[in-house]
Amino acid sequence: MAITLDCGEESISHAAKSLLEGHLVAFPTETVYGLGADATDEIAVRQIYAVKSRPNNHPLIVHISSVELIDFWAVDLPKYALDLARNYWPGPMTLILKKHSHVSSLISGGQENIGLRIPNNECALQLLRTFENLGGIGVVAPSANKFGSVSPTSSEDVEQELGHLLGKDDLVLNGGQCKLGIESTIVNCLGTKPKILRPGFITENMIEKIIEIARDENQSKNVIKHPGDFKNHYAPKTPVYLNSVASSGDGLIALETVETPENVVRLSSPKSLEEFASNLYKSFRKADQIKLTRIVVILTDQNPIADAIRDRVFKASIKN
Ligand code: TXA
Ligand code: MG
């Protein structure tokens with residue numbers, strides 16, 4: 001059972017040392033909570049796969065605090081990748097780059113590529129900076145949930161998901177509720193043009209301010225594993241239905257303008273799509289706790305944030 005700490009200076013310092021000693025530290029980011037380990041410590045990285053029950057051909061994102069560290073992890077960067085990094089980091093964007101030959105293929109799931117990100121969350125950045133000041137070079141951090149399950153957006157979610165699986169020297173940093181609530185945009189930067197592999201808050205339009213996006217499907221063929229390959233992602237235990245009719249015993253997630261039918265439990269009534277995203281996973285968890293029959297999500301808007309939310313809801317609904 002891990003200890004939960006706040007994000008004060010002392011806790012961060014303790015957490016950075018723990019990472020260097022090979023322990024796991026779950027920490028908040030602006031998207032979701034990550035389960036962190038020293039990316040250069042094979043035993044700690046293996047422990048991440050074990051705790052999450054994650055297949056080890058499923059690559060991990062390395063979190064860093066500064067653009068200067070890219071060169072340790074990746075080679076042959078296209079110019080546009082650096083432009084994206086300089087414009088949108090720290091932020092909810094992961095870049096897939098060609099990995100440096102010295103980087104363990106354990107992190108990259110056996111591929112020649114590496115995912116990198118600078119998160120935009122003060123607690124995460126302080127942790128990464130302190131870790132790097134002590135000699136660390138990067139922290140692998142998948143979302144702090146069991147493989148295929150819903151990403152945690154609070155430290156309580158992490159405790160509930162993984163608390164019983166973490167060791168007594170592992171830590172959870174409590175930085176409150178995550179601001180965005182859905183995972184980073186993943187951008188494949190291996191081709192002459194970038195390609196979005198997972199939509200998020202860094203949108204197509206934002207990327208196209210820097211460089212045109214690849215529309216040709218073949219561009220990303222050299223990426224073997226990516227979020228779209230796995231079907232039962234982001235799924236609560238309660239079956240999820242997108243744009244279906246909610247009936248008695250179901251839970252409903254929809255913008256506040258949508259009415260709640262009789263005997264349906266309103267899980268969330270966000271005023272905006274931003275609020276929709278930040279409450280989504282919490283509402284999924286609540287439905288599991290109160291054992292609803294189904295979760296119905298109504299989302300018909302057509303814009304990049306709605307598309308990113310729909311991507312998660314659609315993947316959560318695939319089993320049904
Ligand atoms: O917002 C986020 O990205 C959060 C926070 C903690 O940073 N992290 C996160 O990690 O969502 P994870 O492991 O739960 O999801 C990362 C996704 C996985 O589906 C993985 O397949 C993909 O990114 N990925 C990571 N490295 C990759 C690589 N080298 N090539 C292709 N896909 C990669
Ligand atoms: Mg995940």
Side-chain angles (χ1 to χ4, degrees), residues 24-37 39 45 48-49 51-64 73-74 88-100 103-121 123-125 127-128 138-153 157-158 161-162 173 175 178-191 194-202 220-235 277-278 281 308 311-312 315-316:
L24 307 186
V25 176
F27 61 95
T29 79
E30 78 279 39
T31 59
V32 299
Y33 274 69
L35 179 63
V45 176
I48 294 249
Y49 282 102
V51 166
K52 279 184 61 86
S53 306
R54 180 172 171 130
N56 59 10
N57 62 353
H58 203 59
L60 302 172
I61 299 171
V62 176
H63 295 65
I64 52 180
W73 296 102
Y88 297 124
W89 279 352
M93 176 183 73
T94 297
L95 299 181
I96 306 297
L97 304 165
K98 185 171 172 199
K99 86 170 177 68
H100 205 295
V103 175
S104 161
S105 59
L106 184 62
I107 298 174
S108 66
Q111 304 181 70
E112 293 308 310
N113 319 317
I114 180 106
L116 293 181
R117 164 163 129 82
I118 302 183
N120 189 15
N121 171 286
C123 182
L125 284 171
L127 175 67
L128 293 168
V139 172
V140 281
S143 51
N145 52 276
K146 295 286 279 182
F147 182 65
S149 169
V150 179
S151 296
T153 55
D157 293 349
V158 177
E161 273 279 328
L162 301 178
L173 290 178
C178 295
K179 191 166 170 236
L180 301 180
I182 58 171
E183 305 80 356
S184 61
T185 305
I186 299 185
V187 187
N188 173 1
C189 298
L190 300 170
K195 185 153 177 79
I196 295 182
L197 301 179
R198 179 172 74 181
F201 275 85
I202 300 295
S220 66
K221 274 223 164 126
N222 46 353
V223 173
I224 312 155
K225 294 281 173 226
H226 67 82
D229 287 346
F230 287 85
K231 291 197 168 160
N232 63 338
H233 252 67
Y234 321 111
S278 82
Y281 291 155
D311 169 75
R312 308 315 193 269
K315 286 188 182 127

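Both ligands and their constituent atoms are indexed starting at 1 by order of listing.
Ligand 1 is never approached by K99 to a heavy-atom distance shorter than 4.0 Å. For A141, the heavy-atom gap to ligand 1 drops under 4.0 angstrom.
Here the protein contributes S143 OG as N, O or S atoms under 2.8 Å from the Mg ion (ligand 2).
Between H58 and Y49, the ring centre distance reaches or exceeds 6.0 Å.
Scored by the side-chain contact (heavy atoms from CB on, under 4.5 Å) test, S53 finds K146 as partners (sequence neighbours excluded). Listed by chain and number, the residues in a salt bridge (Lys or Arg N to Asp or Glu O under 4.0 Å) with K98 are D76 (sequence neighbours excluded).
Here's the thing with H63: one of its N/O atoms is less than 3.5 angstrom from an N/O atom of ligand 1. Between T31 and ligand 1, an N or O atom pair is found at a separation short of 3.5 Å. Every N/O-N/O distance between Y33 and ligand 1 stays at or above 3.5 Å. Residue contacts with ligand 1: R117 is placed with a nitrogen or oxygen under 3.5 Å of a nitrogen or oxygen of the ligand (distance criterion only).
Considering all non-hydrogen atoms of both residues, P199 and T185 come closest at C-OG1, 4.1 Å.
For the pair L35/V51, a side-chain contact is recorded, criterion being any heavy-atom separation below 4.5 Å from C-beta on.
Each of the atoms 27 (C), 28 (C), 30 (N), 31 (C), 32 (N), 33 (C) of ligand 1 lies under 4.0 Å from some heavy atom of I96. Set against the non-hydrogen atoms of I114, the atoms of ligand 1 under 4.0 Å away are 29 (N). Heavy-atom proximity to I186, at under 4.0 Å, picks out these atoms of ligand 1: 17 (C), 22 (C), 23 (O).
Each salt bridge (charged side-chain N to carboxylate O under 4.0 Å, His left out) pair with one or both residues in residues 180-189, not counting sequence neighbours, appears once here: E183-R312.
Counting only non-hydrogen atoms, the option in A26, S143, G200 that gets closest to atom 12 (P) of ligand 1 is S143.
S184 and T31 share no side-chain donor-acceptor pair at under 3.5 Å.
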